[in-house]
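Structure record follows, encoded as structure tokens.
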Amino acid sequence: MVMKQTRKGAAVLLSLLLTLLLTLLPAVPALAVGETYSITIVNEAEGHAYEAYQIFQGDLSGKVLSNVGWGDSVDGAGLLEALKAADSEKYGACTSAADVAKALDGGEDGPAAADAEAFAGTAADYLTAPKGSVDAPVEGKYAITGLPAGYYLVKDRDNSLEGSEDAYTNYIVRVVMDVEMAPKSDVPRSEKKVKDINDSESLVHAQWQDTADHDIGDRIPFRLMAALPANYSTYGTYALTFHDTESQGLTFQSDSVKVYIDGKPVDDADYSVVTEGIDCTFEVRFADLKTVTAAEETKAGNNSVVTVEYESVLNERAVVGAAGNPNDMYITFSNNPNGQGTGRTPEDTVIVFTYKVVINKVDNEQAALPGAAFTLEKKIKGETEDVWETVEVLGAEGDLTTFAFVGLDDGEYRLTESRTPAGYNTVEPIEFTVTAAHEDAGLRLTSLSGNAATGEILFTPVVDDGSLTAAVINSKGVELPETGGIGTVVFYVLGGVLAAGAGLLLVVRRRMKTENR
């Protein structure tokens, strides 16, 4: 009886244990056969096409890959020989994929970054077909899914970013276990600036900006700048070229070019200035920025700034007014730290404005009056005292009635009538100020005015034309009597009256004498 109860109790206990085991089974991790994983690259930039190449395959447990063999995306035999040649100390004794994986192994956190980059650089030459790829981001992430366990090299598809504003990502090597990572890539930034000056008020140019105004003939300072990428040091070589395009109103002065790295001058033997056989005005080229021969502290590094400064002359073909004289630049640069590739930055533009003063010569009746000549001078700030420099003389020959002084900057001017129409009084010299405002936002000329300090003159501005127009009035001189004119006639009349009176008086006197006899 006791034995029967014992057996019955054991059966009940076994039943309870089986029930408990079935309840707990879902919580026990099972070794998944054929399970796949994903690599997610966090990158909001459009245009990338990432590919994942399986270098090693095996059994994945946590971060550890065991039973390692060559993956489906690599020529294992060729890679093995290349690794031995590249680093015999590390890979010299390796005979299999497992040996290479062990030599590369860096423990739980994977191989050191330098070892991983060197391995990836070698492996990239022996890749076959990718195991997975992705061509577009979703909510700022590129996800390569359906990957079997293994050790993967992830890279941008060859030639996918040629000529792009973006850069190729540094090779990524990872053991797959649903990993998410930020790519290691960056691009240089470029900008162009110009300097302004009011030479009636200052001896030095203002700060670097996007807009300026100048006189025709001025040598105008320009600056091009490239901020290198944060991963510049991962490139083996780095080509960098500045491309600058000037409008017809600007003449490039090739002898003025100066180049700096982080503010320190670069020897002109380290770059070339090219003006022929190109589709822009000039280029400043570094075939390989990493071979600059300047002192060590002048060599470029991550985030270094390369600067080109030069001058151009505002010439006689300059556009007057709001359309201005634009100047564009962009840079091309190495954009693939893993091999060959070239990117380019967006264009950046600055603009130079210039103006004109138009004088209409009229008489008191506002009729056009020929025969005058005018000299325009500009006040130039001096070290000790200001000086007046002649800008232009118009009307010295011919019978102009409209005088257009073209290609003027803001500043103080003096207009002198250097030849006066016959019969008219010379106008006193007129001093006036040209004032202009332009803003970097939109590269716009916003206002233009002329204000006279001496003389009665009123300027009418037209911003689009960049013109200030005014009338200068000449008054006639005083008209004096002329010989043989009306004055002589008056004398003749008076003389005749006096003669007639004298004759009449003589007759009267004779009669009186006769009667008295």
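Any value given below was found using the heavy atoms of this structure, including those in side chains, with hydrogens, waters and symmetry copies removed. If you read the sequence from its start, that first residue is 1, and numbering goes on from there.
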Closer than 4.0 angstrom, basic N to acidic O: yes or no for K141 and E180?
yes

Checking D166 against N335: is there a side-chain donor and acceptor pair closer than 3.5 Å?
no

So that I can tick it off, tell me whether D268 and K258 are bridged by a salt bridge, with the cut-off set at under 4.0 angstrom between side-chain N and carboxylate O.
no

Do N338 side-chain atoms and Y171 backbone N/O form a donor-acceptor pair below 3.5 Å?
yes

I'd like to know if the side chain of S247 reaches the main chain of P326, judged simply by a donor and an acceptor atom lying under 3.5 Å from each other, with no hydrogens or angles considered.
yes

Can you list the steps and then say if Y310 with F252 is a ring pair (Phe, Tyr, Trp, His ring centres under 6.0 Å)?
CA-CA 8 Å; Y310 71 93; F252 170 58; 5.5 Å; yes

Under a 4.5 Å cut-off applied to non-hydrogen side-chain atoms, are V313 and L250 in contact?
no

Is a salt bridge present between R157 and D135, judged by a nitrogen-to-oxygen distance below 4.0 Å?
yes

Within 6.0 Å of CD in Q340, more than 12 heavy atoms from elsewhere:
no

Does the side chain of I39 reach to within under 4.5 Å of the side chain of L147, using non-hydrogen atoms?
yes

Checking side chain to side chain donor-acceptor pair (under 3.5 Å) between D199 and each of H205, K378, H214, which is the one that passes?
K378

N325 (side chain) donor-acceptor with V319 (main chain) under 3.5 angstrom:
yes

Between L79 and L83, is there a side-chain heavy-atom distance shorter than 4.5 Å?
yes

Side chains of T291 and T237: does their closest heavy-atom pair fall under 4.5 Å?
no

On the ring face of F119, is K90 found with NZ or CZ under 6.0 Å from the centre and within 45° of the axis?
no

So, do Y330 and D348 sit near enough that their side-chain heavy atoms are less than 4.5 Å apart?
no

Closest non-hydrogen atom pair between V176 and L60, with its separation
O-CD2, 2.6 Å

Indicate yes or no: does K356 engage D465 in a salt bridge with an N to O separation below 4.0 Å.
no

Without hydrogens or angle criteria, can the side chains of S38 and T145 be said to hold a donor-acceptor pair below 3.5 Å?
no

Sorted by chain and residue number, the side-chain contact (heavy atoms from CB on, under 4.5 Å) partners of V173 (sequence neighbours excluded) come out as A116, A120, Y151, L153

Can D158 and K155 be counted as an ion pair, charged N to O under 4.0 angstrom?
yes

Do the side-chain N and O atoms of H48 and S160 include a donor-acceptor pair separated by under 3.5 angstrom?
no

Backbone of P337 reached by a side-chain donor or acceptor of T234 within 3.5 Å:
no

Taking all non-hydrogen atoms of both residues, which atom of S73 and which atom of P130 are closest, and how far apart?
OG-C, 4.0 Å

Electrostatic pair D328:K192 at N-O distance under 4.0 angstrom:
no

If only side-chain N and O atoms count, and only distance matters, is there a donor-acceptor pair under 3.5 Å linking T169 with Y50?
yes

Heavy-atom distance under 4.5 Å between the side chains of D244 and L224, does that happen here?
yes

I need the minimum non-hydrogen distance between G47 and Y142, along with the two atoms involved.
N-OH, 3.6 Å

Is there side-chain contact between I220 and V352, with heavy atoms separated by less than 4.5 Å?
yes

Over all atoms of both residues, closest heavy-atom pair of T128 and Y53
O-CE2, 3.7 Å

Between the side chains of D186 and Y232, is a donor N or O closer than 3.5 angstrom to an acceptor N or O?
no

Geometric cation-pi criterion R174 and Y152, 6.0 Å radius, 45° cone
no

Between R223 and E309, does a salt bridge (charged side-chain N to carboxylate O under 4.0 Å, His left out) hold up when you go through it step by step?
CA-CA 4 Å; R223 185 184 71 185; E309 294 184 9; 5.6 Å; no

Looking only at heavy atoms, the pair that brings N303 and A230 closest together is OD1-CA, 3.6 Å

Pairing donors with acceptors under 3.5 angstrom, does anything connect the side chains of N451 and T433?
no

Could you walk me through whether F242 and F282 pass the ring pair (Phe, Tyr, Trp, His ring centres under 6.0 Å) check?
CA-CA 8 Å; F242 294 84; F282 71 94; 9.2 Å; no

Testing the basics here: between L228 and A300, what is the closest heavy-atom pair and its distance to 0.1 Å?
CD1-CB, 3.5 Å

S312 and E246: side-chain donor and acceptor closer than 3.5 Å?
yes

Run the side chain to side chain donor-acceptor pair (under 3.5 Å) test on D410 and T435 for me, step by step, so that the C-alpha distance in whole Å, both residues' side-chain angles and the decisive distance to 0.1 Å come before the verdict.
CA-CA 5 Å; D410 56 357; T435 303; over 6 Å; no

Considering only heavy atoms from C-beta outward, does the side chain of F459 approach that of V357 to under 4.5 Å?
yes

Just checking E439: does its CD atom have more than 12 heavy atoms from other residues, nucleotides or ligands closer to it than 6.0 angstrom?
yes

Strictly by modelled atom types, are S202 and N198 linked by a side-chain donor-acceptor pair under 3.5 Å?
no

Short side-chain to backbone donor-acceptor contact, D440 and D210, under 3.5 Å
yes

